[in-house]
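Below you will find the structure I want to go over with you.
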Amino acid sequence: MLNSAEYSEKVRELADTNADLAKLKAKKSELEAWFAVIGNEALKDSKNKSISYNDGSGSSVIYTQAQKLTLESPGYLKKLLGDVFPDFIEEKNEPIYKVKSAAVERMLIGLYTGDYTKAKPSEVIAQLPCSAEQKALLTKKLKGANFETDVKNLKEIGGFSESDASDYAYLFAEAVVYDTFLKLMKLSGNNGNADEYIKEISVAVSVEDTTKITVK
């Protein structure tokens with residue numbers, strides 16, 4: 001049997017541990033807030049979605065910005081998309097709705113935020129200041145799905161600077177958003193005004209900006 005002194009020691013030890021954890025949690029929150037501020041400032045005028053800070057000994061902190069899509073009115077969206085709705089939106093028994101197409105999710109976010117351009121992806125590539133051979137390869141490589149990958153391909157294949165590659169990758173992604181919308185509009189059988197259709201779709205969703213701090 002443990003005596004009262006031993007119980008008391010364990011009580012103090014646990015109390016001290018909880019106090020230390022509280023201090024560490026507060027410090028962690030303070031440091032994450034610091035990185036959130038400088039990360040947000042660093043990405044303010046950038047097309048990038050994340051930035052990494054390294055300590056030179058193998059550890060790093062990655063600040064990431066993202067956008068979370070919410071289907072505010074899935075019933076209305078279902079009416080707008082018609083028969084193709086189940087092709088891209090998963091409906092469970094609850095009912096819970098989940099966008100099962102990453103391309104359509106990017107499209108809905110882009111339409112809601114206004115981050116789209118009324119140009120075909122092929123038109124964006126045609127306007128790039130590089131050779132025909134480079135454009136032909138970029139046509140195969142650029143997807144508008146992963147910004148960092150598109151920037152990498154534009155730099156390596158097109159020979160663009162980091163800044164120009166970022167601008168072109170962003171423009172291409174915006175063109176893909178609108179191209180996906182036009183295809184979905186056609187599939188849904190909607191032959192109305194595209195701008196009005198975008199307004200109607202935007203009513204059915206909302207987009208929340210989110211951030212994340214990752215330590216490696």
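Remember, it's a predicted structure, so these values are computed and weren't measured experimentally. Because only heavy atoms are used, hydrogens play no part in the values below, and waters and symmetry mates are left out as well, while side chains stay in. Numbering of residues begins at 1 and proceeds along the displayed sequence.
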Find the distance between CG (Leu21) and CG (Asp16) and round it off to the nearest 0.5 Å.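 If we round to the nearest 0.5 Å, Leu21:CG and Asp16:CG are 11.0 Å apart.
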
My understanding is that only one of Met185, Arg106, Met107 makes a side-chain contact (heavy atoms from CB on, under 4.5 Å) with Thr180; could you say which?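 One option only clears the test, and that one is Met107.
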
Which of parallel (below 30°), tilted (30 to 60°) and perpendicular (above 60°) describes Tyr178 and Tyr116? parallel

Please tell me if the side chains of Val84 and Leu184 come closer than 4.5 Å, counting only heavy atoms from C-beta onward. yes

Under a 4.5 Å cut-off applied to non-hydrogen side-chain atoms, are Thr149 and Lys143 in contact?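 No, side chains not in contact.
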
Intermediate values then yes/no, side chain to side chain contact (heavy atoms under 4.5 Å, CB included), Val61 and Glu32: CA-CA 9 Å; Val61 172; Glu32 287 181 340; over 6 Å; no

Applying the 4.5 Å side-chain criterion to the ILVMFWY set and letting contacts propagate, would Val99 and Leu81 be lumped into a single cluster? yes

Specify the closest pair of heavy atoms between Gly110 and Val177, including all atoms of both residues, with the distance to one decimal.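 Shortest heavy-atom separation between Gly110 and Val177 comes out as CA-CG1, 4.0 Å.
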
Looking only at non-hydrogen atoms, find the nearest pair between Phe172 and Gly144 and report the distance. CE2-N, 3.5 Å

Salt-bridged, Lys152 to Glu148, with N to O below 4.0 Å? no

Lys68 side chain vs Glu208 backbone, donor-acceptor pair below 3.5 Å: no

Determine whether more than 12 heavy atoms belonging to other residues, nucleotides or ligands lie under 6.0 Å from atom CG of Asp83.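 It does not: Asp83 CG has 12 such atoms or fewer within range.
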
For ring pair (Phe, Tyr, Trp, His ring centres under 6.0 Å), just list the numbers for Tyr168 and Phe160, CA-CA rounded to whole Å, side-chain angles, deciding distance to a tenth of an Å, and then say yes or no. CA-CA 9 Å; Tyr168 292 137; Phe160 297 109; 5.0 Å; yes

Report whether Leu80 and Leu182 are members of the same hydrophobic cluster (ILVMFWY, side-chain heavy atoms less than 4.5 Å apart, transitive linking). yes

Look at the side chain of Asp179 and the backbone N and O of Lys120, then say whether any donor-acceptor pair between them is shorter than 3.5 Å.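 Such a contact is absent between Asp179 side chain and Lys120 backbone.
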
Check the pair Leu154, Leu128 against side chain to side chain contact (heavy atoms under 4.5 Å, CB included), reporting the backbone distance first and the verdict last. CA-CA 10 Å; Leu154 282 160; Leu128 295 177; 4.0 Å; yes

In plain terms, say whether Lys199 and Asp195 are close enough for a salt bridge, that is, a side-chain N and a carboxylate O under 4.0 Å apart. no

Could you tell me which non-hydrogen atom of Gln134 sits nearest to which non-hydrogen atom of Gly158, and how far apart they are?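 The answer is NE2-O, 3.6 Å.
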
Shortest non-hydrogen contact from Ala169 toward Val151: CB-CG2, 3.7 Å

Minimum heavy-atom separation for Val124 and Ala175, please, with both atom names.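 Looks like CG2-CB, 3.8 Å.
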
Quick one: do Tyr63 and Trp34 end up in the same hydrophobic cluster if we chain Ile, Leu, Val, Met, Phe, Trp and Tyr together by side-chain heavy atoms under 4.5 Å apart?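 Per the 4.5 Å side-chain linkage, Tyr63 and Trp34 are co-clustered.
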
Applying a strict under-4.5 Å side-chain criterion to I, L, V, M, F, W and Y, I'd like to know whether Val215 and Leu31 cluster together.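 Per the 4.5 Å side-chain linkage, Val215 and Leu31 are not co-clustered.
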
Any idea which heavy atoms bring Ala42 and Ile51 closest together, and the distance?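 For Ala42 versus Ile51, the nearest heavy atoms are CB-CD1, 3.7 Å.
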
Evaluate the side-chain proximity of Leu187 to Phe88: yes if any heavy-atom separation is below 4.5 Å, no if none is.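 With C-beta onward as the side chain, the pair touches.
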
Starting from the C-alpha separation in whole Å, work towards a yes-or-no answer on side chain to side chain contact (heavy atoms under 4.5 Å, CB included) for Leu138 and Cys130. CA-CA 10 Å; Leu138 285 170; Cys130 58; 4.2 Å; yes

Single-linkage hydrophobic cluster Val104~Tyr197, side-chain heavy atoms < 4.5 angstrom: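 Yes, it is one cluster - the side chains of Val104 and Tyr197 are joined through contacts under 4.5 Å.
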
Going by heavy atoms in the side chains, are Leu71 and Leu77 under 4.5 Å from each other?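 Yes, at least one pair of side-chain atoms sits under 4.5 Å.
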
Could you check whether any side-chain N or O of Gln65 sits under 3.5 Å from a backbone N or O of Lys49, counting only pairs where one atom can act as donor and the other as acceptor?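 It does not hold such a pair.
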
